[in-house]
**Q** 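First the structure, which I've put down as structure tokens, then a few questions once you've had a look.
Throughout, numbering of the chain's residues begins at 1 and tracks the sequence. Order of listing sets the numbers, starting from 1, for every ligand and every atom in it.
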Amino acid sequence: MAPLSSWFAGAASLLAVAGAQHVVQDAQSACSRFGETFQHENVTVNFVHHVPAGTNLSLSQAGPLATCDQASQVAPVDLCRVALYVATSNRSGITMEAWLPSNWTGRFMSTGNGGLNGCIKYVDVAYGASFGFAAVGANNGHNGTRGTAFEGNPDVVEDFAWRSLYTETIVGKAVTKAYYGSNINHAYYLGCSTGGRQGFKMVQDFPELFNGVVVGAPALAFNNLTSWSGHFLPITGSNTSETWLPPSKWAIVHQDILKQCDGLDGAEDGILEDPTLCRYKPVTLQCPSNATNTSTCLTAPQVLTVQRIFSDYYGKNGALIYPRMQPGSELASANIEYSGNPFPYTEDWFRHAILNDPTWNASTLDSETAAYAASVNPFNIETWKGDLSAFKNRGGKIIHYHGLMDSIISSDNSPRYYDHVSNTMSLSPSELDTFYRFFRIGGMDHCSGGLGAWSFGQEAVEGAEQVQQTAQDNVLRRLIEWVEEGDAKAPTTVTGTKYVNDTVALGVDFARRHCKYPLRNVCRDEENYKDPEAWECVL
Ligand SMILES: *[C@@H]1O[C@H](CO)[C@@H](O)[C@H](O)[C@H]1NC(C)=O
Ligand SMILES: *[C@@H]1O[C@H](CO)[C@@H](O)[C@H](O)[C@H]1NC(C)=O
Ligand SMILES: *[C@@H]1O[C@H](CO)[C@@H](O)[C@H](O)[C@H]1NC(C)=O
Ligand SMILES: *[C@@H]1O[C@H](CO)[C@@H](O)[C@H](O)[C@H]1NC(C)=O
Ligand SMILES: *[C@@H]1O[C@H](CO)[C@@H](O)[C@H](O)[C@H]1NC(C)=O
Ligand SMILES: *[C@@H]1O[C@H](CO)[C@@H](O)[C@H](O)[C@H]1NC(C)=O
Ligand SMILES: *[C@@H]1O[C@H](CO)[C@@H](O)[C@H](O)[C@H]1NC(C)=O
Ligand SMILES: *[C@@H]1O[C@H](CO)[C@@H](O)[C@H](O)[C@H]1NC(C)=O
Ligand SMILES: *[C@@H]1O[C@H](CO)[C@@H](O)[C@H](O)[C@H]1NC(C)=O
Ligand SMILES: *[C@@H]1O[C@H](CO)[C@@H](O)[C@H](O)[C@H]1NC(C)=O
Ligand SMILES: *[C@@H]1O[C@H](CO)[C@@H](O)[C@H](O)[C@H]1NC(C)=O
């Protein structure tokens, strides 16, 4: 297989969607001149480097990401890499980068983060640059993958809740205009998970920032989500408790879920195209009372655990805290939320942002704790505003997606938000279509991966741009067309591609069109379930 640097560099011309091309002459000296002259309030320039296409950048020594997981990133195109520190208060700030392609389309793109992390998402920044965007990313106000930096510093929490992305975008736009000496034509956003929440936060509260956003698996209702992520531990108990299920038993549950629900969409292919229809009942797995060997059946306490995990989470006074985990993702969730260990983000968020108690015991989380977090709601991180009319009125477009096999954030929460917007704005789905479209991605795990046709341009996949060249196959390209060419280009479905063993070089396994909510996918021709034409979007 060709090395990453060559496929990625070669990708640039394929990816670029027609736009106002702006070619920087003598980019190397333009870039170094920029480093000597750029000034902006609250901004310290860390470095400015010209980076030729194909350069494999080492991130581990660069500092900001020494405590993050990514060691290197290939620059997809010739670009000017601008690294900044921006103070957001007298005790906090963001570390950010702008990747400014020498061949610029006039478009700008901000990227988000994940989990509780303070890690520039370089893969997304590079993906944006490969499309010819001036692409920016920030560390969300702290460094590293955990949330300990929140302790005793609400300004760091505020950066995380909204201010990092806001600042990154304001400063990023200023950098872009200054470097090219030209205005930005259109501004976009791409993010998933925490990044999905960040994008919705801007849509809700800063509707002027972006013309279009692609927001995936959003961590909306953030405090409640964090409580829900943590409520599995009290349900399962630790891994020595009789209420806990080892992964081998989750595998049995998974098979039973497929038995009860896989056929509901017309195809028994291991993928639940609409898990909201699956009202799973584990009782038939319960061990008979005379059983002597319980390794292949569930004990009564384990049946109860499974029932509770697949039930909506209610708090005091019967208020819904968060919808249930959707059935289907249990093989992966078994090692995460159901492991019998604290969910790290819940532990960090409660210890350092909500309770300021670094020794808080995650096993004690209950609906009182959840209600408290919801009432504290630091800097309105909940991100649940249902009135998006300011964004709509400015002509903004939202493409929202969620994998229906998400093992971390239940996909049941995304339709709940969509319906909340629909109710708040008194707009029917066909009226929301003018600016907000939500796609449910059957068989996709959290933001990517899974059994389904999960690659649709929501993130860079090595080599995929050679295969997924149309807007129908690539949601970022689709968003650009919708924003810049109007409603005739709005998506009615998005086509996902499943590669053999998730490896592009091994070829396409199958493709499937994913439906726009509230439509769902049904198979009309089960024998040919790998054929996109076998499927239909129905109400
Ligand atoms: C980039 O460099 C790192 C080591 O710093 C290496 O592990 C990685 O494979 C390289 N990537 C490419 C595409 O060459
Ligand atoms: C810039 O991109 C456009 C559109 O893809 C392409 O036609 C042109 O050759 C590129 N110019 C340079 C200098 O790479
Ligand atoms: C994050 O790391 C960068 C680079 O090492 C450093 O400049 C910055 O001060 C760090 N930020 C925080 C909040 O510690
Ligand atoms: C600079 O930071 C201060 C807070 O420390 C803020 O009040 C001010 O608005 C910032 N200036 C700009 C241009 O962002
Ligand atoms: C930081 O700013 C706050 C106001 O936002 C002020 O109350 C505080 O005294 C300042 N601290 C320092 C060390 O300047
Ligand atoms: C239980 O969890 C502990 C960590 O708390 C781990 O070391 C141990 O291997 C786990 N045991 C099983 C059976 O999963
Ligand atoms: C348990 O009882 C059922 C019928 O009540 C019987 O068929 C089965 O063989 C018994 N199993 C054991 C392990 O005794
Ligand atoms: C229980 O059944 C499993 C699966 O059939 C088997 O592997 C295991 O050895 C049995 N355990 C005992 C104690 O008989
Ligand atoms: C945490 O709480 C659980 C449940 O109350 C308890 O069993 C456990 O011992 C506690 N752990 C620690 C480290 O205190
Ligand atoms: C969050 O949970 C509280 C109960 O703890 C509930 O009153 C509130 O409506 C929930 N918010 C959302 C957005 O679900
Ligand atoms: C795909 O992965 C499976 C399991 O790892 C392996 O058995 C199979 O040979 C792989 N297929 C190809 C075409 O590489």
**Q** Is R416 close enough to touch ligand 10? Criterion: a residue heavy atom under 4.0 Å from a ligand atom.
**A** yes
**Q** Would you mind checking which non-hydrogen protein atom is closest to atom 14 (O) of ligand 6, with the distance to 0.1 Å?
**A**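 Checking every protein heavy atom, the shortest distance to atom 14 (O) of ligand 6 gives N239 ND2, 3.3 Å.
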**Q** Output yes when R324 and D312 qualify as a salt bridge under the 4.0 Å nitrogen-oxygen rule, no when they do not.
**A** no
**Q** Can you give me the closest heavy-atom contact between T434 and K392, atom names plus distance?
**A** OG1-CE, 4.0 Å
**Q** Would you mind checking which non-hydrogen protein atom is closest to atom 4 (C) of ligand 6, with the distance to 0.1 Å?
**A**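 Nearest neighbour among protein heavy atoms for atom 4 (C) of ligand 6, to 0.1 Å: N341 OD1, 3.6 Å.
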**Q** Just heavy atoms, cut-off under 4.0 Å: does E382 contact ligand 10 by side chain, backbone, both, or neither?
**A**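 Contact part for E382 vs ligand 10: side chain (C-beta onward).
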**Q** To which protein heavy atom is atom 3 (C) of ligand 8 closest, and what is the distance rounded to 0.1 Å?
**A**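 Result for atom 3 (C) of ligand 8: S295 OG, 3.3 Å.
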**Q** With a 4.0 Å cut-off, strictly under, does atom 9 (O) of ligand 6 pick up any protein heavy atom?
**A** no
**Q** How far does CG of L209 sit from NZ of K201, to the nearest 0.5 angstrom?
**A**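 Between atom CG of L209 and atom NZ of K201 there are 13.0 Å.
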**Q** Between Y436 and F200, how do the two ring planes meet: parallel, tilted or perpendicular, split at 30° and 60°?
**A** perpendicular
**Q** How long is the span from the CG atom in N521 to the CD1 atom in I441, to the nearest 0.5 Å?
**A**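 Nearest 0.5 Å value for the CG-CD1 distance: 10.0 Å.
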**Q** For F379, is the NZ or CZ atom of R163 found under 6.0 angstrom from the centre of its six-membered ring and inside 45 degrees of the ring axis?
**A**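 Judged by the rule, R163 and F379 form no cation-pi pair.
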**Q** What residue and heavy atom of the protein are closest to atom 11 (N) of ligand 10, and at what distance?
**A**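 Protein heavy atom with the smallest distance to atom 11 (N) of ligand 10: N224 ND2, 2.9 Å.
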**Q** Heavy atom of N317 under 4.0 Å from ligand 10?
**A** no
**Q** Would you call the rings of F150 and H142 parallel, tilted or perpendicular, where under 30° means parallel and over 60° means perpendicular?
**A**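 The arrangement is perpendicular - the two ring planes meet at more than 60°.
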**Q** May I ask you to check whether W244 has an N/O atom sitting below 3.5 Å from an N/O atom of ligand 6?
**A**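 By distance alone, the answer is no.
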**Q** May I ask you to identify the nearest protein heavy atom to atom 5 (O) of ligand 8, giving residue, atom name and distance to one decimal place in Å?
**A** T296 CG2, 4.4 Å
**Q** To the nearest 0.1 Å, how far is atom 2 (O) of ligand 8 from its closest protein heavy atom, and which atom is that?
**A**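 Looking only at protein heavy atoms, the one closest to atom 2 (O) of ligand 8 is N293 ND2, 2.4 Å.
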**Q** Honestly, is R437 close enough over W482, meaning NZ or CZ under 6.0 Å from the six-membered ring centre and within 45° of the axis?
**A**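 Yes, a cation-pi geometry.
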**Q** Do any heavy atoms of G315 fall under 4.0 Å from ligand 10?
**A** no
**Q** Side chain, backbone, both or neither: which part of N223 has a heavy atom under 4.0 Å from ligand 10?
**A** neither
